[in-house]
Amino acid sequence: MEPQKISLIGAPVQAGAGVNGCLMGPDAYRTAGLGDVLESLGHRVEDRGNITPEVRTGVHHDNGAIHHLPEIVGWTEALQAAAYEAARASDLPIFLGGDHSLSIGTVPGVARHSQQQGRPQFVLWLDAHPDMHTLGSTRSGNLHGTPVAYFMGEAGFEGVYPDLPARVPPQNICMMGIRSVDGAEHATIASRNVTVYDMRAIDENGIKNPLLAFLDRVRAAGGALHVSLDVDFLDPAIAPAVGTTVPGGATFREAHLIMEMLCDSGLVTSLDLVELNPFLDDRGRTATLMVDLCASLLGRKVLDRPTRAA
């Protein structure tokens, strides 16, 4: 692939999750050598450091289960601005999480830039969970379960989360690897035109054809493609460093095939790497795998993969 100008933006947010540790994620990616790996592939890499948000006092919601709402609103405002600026200044911003609540900010931020370019925004959501809760429907109160509902414009966020700078239509969202869905999320999926390939669909049909069909839609529309990769998309046997483990996730080869196909497509314009919890990792195993997946997305070929020490 052609060399890219890549921005790395750290988002050490863990307020949206129920298990502490994700705030160490950005530094774990750096320690695992993400920047060096991408530069070795010929890309120009600028590490913009970590975002520092302001906590927004005075925000509240009637759902008593919700926790850390002022912090998440502060993160959202900071990340929407940072994502927009990074999308303007680089070919490919990569957001280093941090829990998946960071996508409440990153996706609308890059979508704002795409809208100004006259390009429809598409999202490939690689996750065990659809994250389609509203502020009213979440029972856990973990706000990393709300980004998709928010950025596709569902009701219930008004006056709490920032006004959407740009909406992503449900038909422009493709989810792969889904295998843990709450009742309220089932209802939203059933009533919206979101493309969902759960793990049964992947077991039956494989990765290749469903992903190609989605990429063809993005290409035909002249769209910008944001990829949001959650550690729990992967099977916990190969990626243990996540607080939301769900058995039966994507295998090593399935995940790399997705990244290699995305690289071949040339369509990806921004990327989230989320839910890495180094406190739960095994000698950096998950961080290293996520860096390797990112390398596959950005040009590393199967034959070029380095041998790992035992």
Chi angles and distances behind the side-chain hydrogen bond (donor to acceptor under 3.5 Å, both in side chains) call for His67, Asn142: CA-CA 7 Å; His67 58 87; Asn142 297 331; 2.6 Å; yes
Test item: Leu215 and Leu211 side chains (from C-beta on) under 4.5 Å apart, heavy atoms: yes
Side chain to side chain donor-acceptor pair (under 3.5 Å) against Glu185, all qualifying residues, sequence neighbours excluded: none
Minimum heavy-atom distance Asp47-Gly49, with the two atoms named: OD1-N, 2.8 Å
Joint cluster assignment, Tyr84 & Phe151, ILVMFWY side-chain distance < 4.5 Å: no
Minimal non-hydrogen separation, Pro162 against Glu77, with atom names: CG-CG, 3.6 Å
Would you be so kind as to tabulate the donor-acceptor pairs closer than 3.5 Å made by side chains of residues 35-45, with sequence neighbours excluded?
| from | atom 1 | to | atom 2 | distance (Å) |
| --- | --- | --- | --- | --- |
| Ser40 | OG | Val37 | O | 2.6 |
| His43 | ND1 | Gln4 | N | 2.9 |
| His43 | NE2 | Leu298 | O | 2.8 |

Trace of the side-chain contact (heavy atoms from CB on, under 4.5 Å) decision for Leu69 with His61: CA-CA 8 Å; Leu69 181 59; His61 192 273; 4.1 Å; yes
CG (Asp282) with more than 12 external heavy atoms under 6.0 Å: yes
Pair His226 + Trp125: ring centers closer than 6.0 Å: no
Counterpart residues, salt bridge (Lys or Arg N to Asp or Glu O under 4.0 Å), relative to Asp91 (two or more places apart): none
Non-hydrogen side-chain atoms of Trp75 and Ile51 separated by less than 4.5 Å: yes
Validation row: Leu124, Ser228 side chains within 4.5 angstrom (heavy atoms): no
Exercise: do His129 and Asp232 side chains pair donor with acceptor under 3.5 Å: yes
Check: Asp198 side chain, Gly177 main-chain N or O, donor-acceptor pair, under 3.5 Å: no
Neighbour count above 12 (heavy atom, 6.0 Å) for Asp163 CG: no
Asn172 side chain to Gln121 backbone, donor-acceptor under 3.5 Å: yes
Considering all heavy atoms, the nearest Gly21-Gln14 contact: N-OE1, 2.6 Å
Within-4.5 Å side-chain heavy-atom neighbours: Leu225 and Phe214: yes
Arg119 side-chain N/O to Gly223 backbone N/O, donor-acceptor pair under 3.5 Å: yes
CA sep, side-chain torsions, deciding dist, call: Leu289, Phe252, side-chain contact (heavy atoms from CB on, under 4.5 Å): CA-CA 9 Å; Leu289 174 56; Phe252 180 92; 3.8 Å; yes
Residue pair Pro240 / Leu280, side-chain heavy-atom distance below 4.5 Å: no
Any donor-acceptor pair under 3.5 Å from Asp281 side chain to Arg283 backbone: no
Within one Ile-Leu-Val-Met-Phe-Trp-Tyr cluster: Val218 and Val110, side-chain cutoff 4.5 Å: no
Cluster link Phe122 to Met261, ILVMFWY, side chain under 4.5 Å: yes
Check against side-chain contact (heavy atoms from CB on, under 4.5 Å), Val227 and Leu262: CA-CA 9 Å; Val227 176; Leu262 289 171; 4.0 Å; yes
Working for side-chain hydrogen bond (donor to acceptor under 3.5 Å, both in side chains), residues Arg30 and Asn50: CA-CA 11 Å; Arg30 295 181 176 109; Asn50 290 346; 2.9 Å; yes
Residues in side-chain contact (heavy atoms from CB on, under 4.5 Å) contact with Thr188, at least two apart in sequence or another chain: Met132, Met152, Glu154, Arg192
Verdict with supporting geometry, Met176 and Ile207, side-chain contact (heavy atoms from CB on, under 4.5 Å): CA-CA 9 Å; Met176 302 190 81; Ile207 289 286; 4.0 Å; yes
N/O donor-acceptor pair under 3.5 Å between Glu275 side chain and His100 backbone: yes
Side chain to side chain donor-acceptor pair (under 3.5 Å) partner of Glu260, chosen from Lys301, Arg300, Arg253: Arg253
Pairing residues for Phe279 by the side-chain contact (heavy atoms from CB on, under 4.5 Å) criterion, not counting sequence neighbours: Met24, Asn277
Glu158 atom CD, neighbour heavy-atom count above 12 within 6.0 Å: yes
Sequence-distant partners of Ser90, side-chain contact (heavy atoms from CB on, under 4.5 Å), two or more places apart: Lys5, Ser7, Pro93
Heavy-atom closest contact (Ile66 atom, Leu135 atom, distance): CD1-O, 3.4 Å
Reported CG-to-CD1 distance for the pair Leu79 and Ile104, which is rounded to 0.5 angstrom: 9.5 Å
Atom of Ser137, atom of Ala184 and distance for their closest heavy-atom approach: CB-CB, 3.8 Å
Side chain proximity check, His113 to Glu85, heavy atoms < 4.5 angstrom: no
Single-linkage hydrophobic cluster, 4.5 Å side-chain cutoff, Val123 and Met175 together: yes
Note, Phe95 side chain near Leu271 side chain (heavy atom, < 4.5 Å): no
Over 12 non-hydrogen atoms of neighbours within 6.0 angstrom of CZ in Arg139: no
Derivation of the side-chain hydrogen bond (donor to acceptor under 3.5 Å, both in side chains) call for His133 and Thr146: CA-CA 5 Å; His133 276 293; Thr146 64; over 6 Å; no
Check: Ala201 main-chain N/O paired with Asn205 side-chain donor or acceptor under 3.5 Å: yes
Passing candidate, side-chain contact (heavy atoms from CB on, under 4.5 Å) with Val13, options Leu102, Leu143, Val274: Leu102
Test item: Arg217 and Thr195 side chains (from C-beta on) under 4.5 Å apart, heavy atoms: yes
Single-linkage hydrophobic cluster Leu276~Ile258, side-chain heavy atoms < 4.5 angstrom: yes
Nearest-0.5 Å distance that lies between atom CG in Asp131 and atom NE2 in His144: 7.0 Å
Aromatic plane relationship, Tyr161 with Phe157 - under 30° parallel, 30 to 60° tilted, over 60° perpendicular: parallel
Atom CZ of Arg219 with >12 non-hydrogen neighbours under 6.0 angstrom: yes
Thr106 backbone acceptor or donor facing Ser103 side chain under 3.5 Å: no
Neighbour count above 12 (heavy atom, 6.0 Å) for Glu54 CD: no
Donor-acceptor contact present, side-chain Arg179 to main-chain Pro247, <3.5 Å: yes
Distance-minimising heavy-atom pair for Ala255 and Leu234: CB-CD2, 3.5 Å
